[in-house]
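Quantities reported herein were computed from a predicted structural model and do not represent experimental measurements. All ligand and atom numbering here is 1-based and tracks the order in the structure.
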Amino acid sequence: MMAAILSAHELCYQIGHHVLIDKINLKIEPGESIALLGANGAGKTTLLRLLLGVLPATSGAIYLEGKRLTEWARRDVARRIAYVPQQHTPHFPFTVRQMVEQGRLPQQGLFRSMDADLHERVSLALEMMGIADLSERVYTQLSGGERQLVLLARALLQETPLILLDEPTNGLDYGNQLRLLERLRSIADSGRSILTITHCPEHALLAANRVWALQDGRLIADGSPQEIITPTLIHQLYHTEVSQIDSDHYRFFVPRTFVPCSTP
Ligand SMILES: Nc1ncnc2c1ncn2[C@@H]1O[C@H](COP(=O)(O)OP(=O)(O)OP(=O)(O)O)[C@@H](O)[C@H]1O
C-alpha cells in the first residue's frame, strides 16, 4: 500500500469542556475520494480545519506526508492541500480570472518559469468548471453557486495532491451538482485525493470510493459507500426512516414517512 498523504492519530479538539472532535484516527491514501457524512453540528468542518492546520489540535497528531503537520511551513502545506470553503468573500473586487490565478500563489516561488502559461491554465480550469464565460466578471457580483465553481477552479489550479471541500455542491443547480461530482471523480481517478463534506448520501454513492461517518465528533463508520450507506446509517446519523432502492449501478433512498404532494 502507498504511503498516506495525510493521517491523524487520536486527534482531539475541545473548546472548554465541549469536545468537538473525539479521538479520531484516519488515513487518506493517494487517489482516494472520501465523502464525510454527518448531521449538522457533528464536527465535519472542525475536522477539516484541523486537517488543514488552521485549528490547533487539543491533543493527538496529524501527519502530512509522514511529517507532523505542525512542522510544515504554511506555504508548503498550501502546495499539498487545497481547500474549498463553504463561503468566501474577498476584500477586493477581483475578477474571476484573478481569483483563480491565486491558486498558483503557493507554487510561484518554485515554479515561476512554468507559470509563463498561467493564462492558458486558468482558461482551462475555468472551462473544466464550465464557467469560461464568467472570466472577466467581478467575483463578488456572482451568485453563490457561480462563486462555488470559481473556488473549485482555483483549487484545481493549485495542483495539490489533496483537495478538501466543504459542501461543494451547496448552492449549485442540479446539472452543476452532477457535473461537479463527475469532475471530482475524474480528479481522484487521476491520482489526486479528495475529502468532501456532503449532506447527500446519494452524492457519496456517486462520487466517493470511501465514506467516513461522523457523529458527535466521533468517527462511527469508515468503509466503502456500498457497505456503509444504508438505511440503518441514515437513521443513525439523521434520525429519519428511509427505504433503499437498488438499480443496476445506483442506490436511492426514499423517505418512509413523507408522502409527496403529487400523490393522488
Ligand atoms: N468556535 C466555536 N466555539 C464553540 N462551539 C463551536 C465553535 N465552532 C464550532 N462549534 C460547535 O462545534 C460543533 C461542530 O461544529 P462544526 O461546524 O464542525 O459542525 P458541522 O458538522 O460542520 O456542521 P454543519 O453540517 O451544520 O456545517 C457544533 O456544535 C458547533 O456549534
Pairing of Arg210 and Glu32 as salt bridge, 4.0 angstrom limit: yes
Mode of Leu20 contact toward ligand 1 - side chain, backbone, both, neither (heavy atoms, under 4.0 Å): side chain
Would you give me the side-chain donor-acceptor pairs under 3.5 Å for residues 235-244, sequence neighbours excluded?
| from | atom 1 | to | atom 2 | distance (Å) |
| --- | --- | --- | --- | --- |
| Gln244 | NE2 | Asp246 | OD2 | 2.8 |

Those atoms of ligand 1 less than 4.0 Å from some heavy atom in His199: 25 (O)
Nearest neighbour of atom 20 (P) of ligand 1 from the list Gln14, Gln86, Lys44, on a heavy-atom basis: Lys44
Sub-4.0 Å protein heavy atom near atom 16 (P) of ligand 1: yes
Any N/O pair Thr46/ligand 1 closer than 3.5 Å: yes
Pairing of Glu159 and Arg121 as salt bridge, 4.0 angstrom limit: yes
Thr45 contact mode with ligand 1 (heavy-atom cut-off under 4.0 Å): both
Candidate with minimal heavy-atom separation from atom 28 (C) of ligand 1, of Ala39, Gly41, Gly38: Gly41
Atom 7 (C) of ligand 1 - nearest protein heavy atom and its distance: Ile15 CD1, 3.7 Å
Contact check: Gly43 vs ligand 1, nitrogen or oxygen atoms, below 3.5 angstrom: yes
Pair Ser33-Asn209, side-chain donor/acceptor within less than 3.5 Å: no
Sidechain N-carboxylate O distance under 4.0 Å for Glu65, Arg80: yes
Nearest-neighbour protein heavy atom for atom 27 (O) of ligand 1, which is reported as residue plus atom name and distance: Glu167 OE2, 3.8 Å
From Leu64, Leu50, Leu52, residue fulfilling side-chain contact (heavy atoms from CB on, under 4.5 Å) relative to Leu69: Leu64
Check: Thr46/Arg49 side-chain N/O donor and acceptor closer than 3.5 Å: no
Protein contact for atom 30 (C) of ligand 1 (heavy atom, distance under 4.0 Å): no
Donor + acceptor pair across side chains of Thr140, Arg147 (<3.5 Å): no
Atom 26 (O) of ligand 1: the protein heavy-atom neighbour that sits closest, reported with distance to 0.1 Å: Asn40 ND2, 3.0 Å
contact_flag Arg49 ligand 1 heavy-atom lt 4.0 Å: no
Contact check, side chains of Arg79 and Thr160, non-hydrogen atoms, under 4.5 Å: no
